[in-house]
Visitor: 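One structure coming up, written as structure tokens, with questions to follow.
Since the model is a prediction, treat every value here as computed from it, not as a measurement.
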Amino acid sequence: MPTELKVPEVGESVTEVEIGRWLVKEGDAVTIDQPVVELETDKVNQELPAPVDGAIVKFLLKEGDTARVGDVIAHIEQGAAGTKPSSSTNGSAGAASAAPDPTPAPTPKSNGDATVMPAAQRLLDEHGLAANDVKATGPGGRLLKEDVLAHVQGKTNTPQAVPERRESTDRATGTTSTPATASGGGDRPEEVVRMNPLRRTIAKALVNAQQTAALLTTFNEVDMTAVMDLRKQHQESFVARHGIKLGFMSFFVKASIEALKQFPAVNAEVRGDEVVYKHYYDIGIAIGGGKGLVVPVLRNAERLSFAGTEKAIGEYAVKAKDNKLQLSELTGGSFTITNGGVYGSLLSTPIVNAPQSGVLGMHGIIRRPIAVGTPGKDERIEIRPMMYLALTYDHRIVDGREAVTFLKTIKEVIEDPARMLIEA
């Protein structure tokens with residue numbers, strides 16, 4: 001009697017999951033606790049391990065299918081030998097997509113120094129390319145379909161059509177493919193791609209925030225000279241002591257907390273006809289994850305040191321990239337900070353992460369001439385590293401005067417970071 005692989009409880013209020021990616025193939029040998037499949041939900045992704053040693057007998061669902069908690073998604077023959085996977089990266093790297101039909105899955109073939117995935121080989125043949133012409137980025141040196149597409153698009157600077165069904169989750173967009181649908185013919189093909197659960201949730205949350213809150217954005221600019229000088233002066237000793245670099249985000253977390261203490265409405269939320277003022281500071285940090293934007297939360301951030309803040313953010317960034325964030329790390333939050341500057345953004349209007357009432361947007365640091373000094377005395381023009389800041393807030397409970405002064409407080413703290421120590 002085969003052992004059933006069932007969908008477990010993955011979090012409060014989560015009743016169904018999507019099969020994101022099978023990490024093994026039918027017939028593969030597995031060991032107990034080895035990750036077998038990646039489950040996607042509207043909140044987090046989770047790897048489901050094998051409950052026993054044995055071999056995968058049959059997949060009952062394919063990638064992109066939906067299952068409810070408790071559903072059986074695969075059968076494992078306990079004690080069976082099975083076939084050892086050709087390669088492994090912690091049990092979860094790039095196994096070929098499997099479907100619940102008896103047709104054997106295509107196997108990668110070696111071409112030079114790279115292992116070429118079947119879909120990638122078809123694109124290579126189509127465009128008359130050799131495997132060693134394209135840089136391989138897949139696990140274990142695999143050449144992926146995405147690598148070939150990126151190479152072709154880089155040469156032509158125009159999107160290329162993929163004349164086949166996508167075989168796995170698109171890592172760049174965080175979406176699971178359905179058969180491509182051509183429209184218009186000729187050189188105007190289209191491809192229909194289904195959103196993954198996380199992307200659908202992000203879309204709903206952003207639209208809901210726009211529809212239910214009175215959102216308004218105010219702007220200011222901050223001179224980053226003092227912070228940059230401070231980082232340069234202490235970076236070496238900071239790294240030696242804590243094993244992590246001192247970044248800009250920890251300064252803005254500390255500055256935001258100082259401003260939130262002075263303007264508690266920005267740290268509050270609307271619940272029905274009531275306003276809930278929070279006397280703690282759970283700061284959400286927006287991070288571009290492997291499957292979409294996620295906002296893990298620094299709990300009680302006011303208690304964290306600069307090193308503690310940097311370490312926590314670094315750990316979250318790694319988890320987000322690997323889709324390892326837990327539901328508990330994403331829930332709650334009283335205020336959010338997002339940094340579009342890492343992608344080159346000069347100015348933006350961030351959207352509040354409901355039910356929060358405020359979000360701070362950081363942007364790129366641009367060196368430009370500004371007037372400094374006292375007018376009429378020592379006023380002069382200098383080149384300074386400047387950053388635009390944006391605060392989007394819920395005007396239902398945050399007045400314009402509060403919002404403008406809140407952002408001005410952050411500016412003042414960043415331009416004189418000693419204030420963080422003496423609480424001036």
Side-chain angles (χ1 to χ4, degrees), residues 7 14-23 25 37-46 59-68 71 73 94-101 103 105-106 116-127 129 134 137-138 142-208 210-211 288-294 323 343 351:
V7 176
V14 178
T15 60
E16 66 178 26
V17 303
E18 187 172 289
I19 307 299
R21 187 161 57 105
W22 286 104
L23 307 177
K25 301 187 297 293
V37 62
E38 186 178 89
L39 304 177
E40 297 181 358
T41 75
D42 58 350
K43 295 182 175 67
V44 294
N45 294 343
Q46 176 176 315
F59 293 143
L60 303 182
L61 296 176
K62 62 180 182 298
E63 293 178 357
D65 285 350
T66 300
R68 299 186 66 82
D71 284 355
I73 59 175
S97 172
D101 58 59
T103 304
V116 185
M117 302 306 291
Q121 185 62 53
R122 285 193 289 272
L123 284 178
L124 289 173
D125 295 341
E126 178 183 341
H127 294 283
L129 297 170
V134 182
T137 64
R142 289 182 173 85
L143 182 65
L144 308 176
K145 174 179 62 178
E146 289 83 355
D147 298 333
V148 183
L149 284 173
H151 178 82
V152 173
Q153 291 172 0
K155 292 182 64 175
T156 64
N157 201 31
T158 57
Q160 300 294 316
V162 185
E164 58 166 298
R165 178 188 176 108
R166 288 177 179 258
E167 296 185 346
S168 62
T169 300
D170 188 322
R171 298 180 183 178
T173 62
T175 48
T176 302
S177 302
T178 56
T181 302
S183 175
D187 60 349
R188 295 172 56 82
E190 296 179 354
E191 185 176 13
V192 179
V193 180
R194 184 168 179 256
M195 290 184 181
N196 65 35
L198 178 59
R199 178 64 64 183
R200 293 197 295 268
T201 299
I202 292 171
K204 291 178 182 178
L206 295 179
V207 172
N208 179 68
Q210 295 276 39
Q211 294 177 340
K291 298 295 179 65
L293 183 71
V294 291
N323 300 305
Y343 304 111
I351 299 177

Visitor: About how many Å separate CD of Glu18 and CE of Met195, when rounded to the nearest 0.5 Å?
Guide: 12.0 Å
Visitor: Please say which of Ile19, Leu23, Val17 ends up in a side chain to side chain contact (heavy atoms under 4.5 Å, CB included) with Val37.
Guide: Ile19
Visitor: Looking only at non-hydrogen atoms, find the nearest pair between His151 and Leu129 and report the distance.
Guide: CD2-CD1, 3.7 Å
Visitor: Quick one: does Ile73's side chain get under 4.5 Å of Leu39's, heavy atoms only?
Guide: yes
Visitor: Using every non-hydrogen atom in the two residues, find where Leu293 and Gly288 come nearest and quote the distance to one decimal.
Guide: CD1-N, 4.1 Å
Visitor: List the residues meeting side chain to side chain contact (heavy atoms under 4.5 Å, CB included) with Ala205, not counting sequence neighbours, and say none if there are none.
Guide: none
Visitor: Please name the pair of heavy atoms, one in Ile351 and one in Gln210, separated by the smallest distance, quoted to 0.1 Å.
Guide: CD1-NE2, 3.6 Å
Visitor: Could you report the tightest heavy-atom contact between Arg21 and Glu63, atom names first, then the distance?
Guide: CA-OE2, 3.4 Å
Visitor: Check this for me: does any side-chain nitrogen of one of Lys62 and Asp65 sit under 4.0 Å from a carboxylate oxygen of the other?
Guide: yes
